[in-house]
Amino acid sequence: QVQLVESGGGLVQAGGSLRLSCAASGFTFNTYSMGWFRQAPGEEREFVAAASWYAYNTLYADSVKGRFTASRDNAKNMVYLQMNSLKPEDTAVYYCAVDRSPLRPVVPSDPLRYNYYGQGTQVTVSS
């Protein structure tokens, strides 16, 4: 049974930093790319970042490029999202998710290519 548990969210002032963590279990973690998504009230869920199953390839939404860093520790079944220079528009519930297909050579950004989202962690950035 796939389980994803996000943590690390909170309230931070603009310009601050947070590090989100996602603990994964129930599948062969080191064969699946992992994505981060976010959803603000009244908005669609959007792609934020992803780390490939082989850990050396990452992908970012233009809105977070240069500020956020996705990483993973395959030995610990953990994926992380380091968020720096946070802006009020980064306020959302953040979710990690598992790529639907193992060993995919290209990291996907399409939410439809992911499933098994966690429960989410709230990030609030005050101005």
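Keep in mind the model is a prediction, meaning the values are calculated, not measured.
- Linking ILVMFWY side-chain heavy atoms closer than 4.5 Å, directly or via other members, places Phe68 and Val12 in a single hydrophobic cluster.
- Hydrophobic clustering places Tyr116 together with Val79 (ILVMFWY residues linked when any side-chain heavy atoms are closer than 4.5 Å, directly or through intermediates).
- Proximity of Val123 to Leu20: side-chain heavy atoms (C-beta onward) are separated by under 4.5 Å at one or more points.
- Ser21 and Met78 make their closest contact through CB-CE, 3.8 Å (heavy atoms, listed as atom of the first residue, atom of the second, distance).
- Hydrophobic clustering of Ile, Leu, Val, Met, Phe, Trp and Tyr side chains at less than 4.5 Å, counting indirect connections, keeps Leu59 apart from Val48.
- One distance of note links CD of Gln119 with SG of Cys96; it measures 8.0 Å at 0.5 Å rounding.
- Contact of the Val98 side chain with the Phe27 side chain is registered, since non-hydrogen atoms from C-beta on lie closer than 4.5 Å.
- At a threshold of 4.5 Å between non-hydrogen side-chain atoms, the residues Gln82 and Ser71 do not count as touching.
- For residues 21-42, the salt bridge (Lys or Arg N to Asp or Glu O under 4.0 Å) pairs, not counting sequence neighbours, are Arg38-Glu46, Arg38-Asp90.
- Between the side chain of Thr58 and the backbone N or O of Ala50 there is no donor-acceptor pair closer than 3.5 Å.
- The CZ atom of Arg104 lies 12.0 Å from the OG1 atom of Thr31; values are rounded to the nearest 0.5 Å.
- Arg113 and Pro108 make their closest contact through CD-CB, 3.5 Å (heavy atoms, listed as atom of the first residue, atom of the second, distance).
- Linking ILVMFWY residues whenever their side-chain heavy atoms come closer than 4.5 Å, directly or via other members, places Leu103 and Tyr54 in the same cluster.
- Side-chain atoms of Thr91 come within 3.5 Å of backbone N or O of Val125 as a donor-acceptor pair.
- When the side chains of ILVMFWY residues are joined at heavy-atom separations under 4.5 Å, either directly or via intervening members, Tyr32 and Phe29 end up in a single hydrophobic cluster.
- Taking CD of Glu6 as the start and SG of Cys22 as the end, the distance is 5.0 Å to the nearest 0.5 Å.
- Separating the CE atom in Met34 from the OG atom in Ser52 is a distance of 12.0 Å, to the nearest 0.5 Å.
- Counting heavy atoms from C-beta outward, Leu4 and Tyr95 have side chains that stay 4.5 Å or more apart.
- Counting all heavy atoms, side chain and backbone alike, Ala40 lies closest to Ala92 at N-CB, 3.8 Å.
- Residues satisfying the ring pair (Phe, Tyr, Trp, His ring centres under 6.0 Å) test with Phe37, not counting sequence neighbours, are Phe47, Tyr114, Tyr117.
- By the 4.5 Å heavy-atom criterion applied to side chains, Gln122 and Leu11 are not counted as neighbours.
- Under the 3.5 Å distance criterion, the side-chain polar atoms of Tyr80 are left unmatched by any main-chain donor or acceptor of Thr69.
- We find the CG-CE distance between Leu18 and Met83 to be 4.5 Å, quoted to the nearest 0.5 Å.
- Considering only heavy atoms from C-beta on, Ser17 comes within 4.5 Å of Asn84 through its side chain.
- More than 12 heavy atoms of other shown residues, nucleotides or ligands fall within 6.0 angstrom of atom CZ in Arg100.
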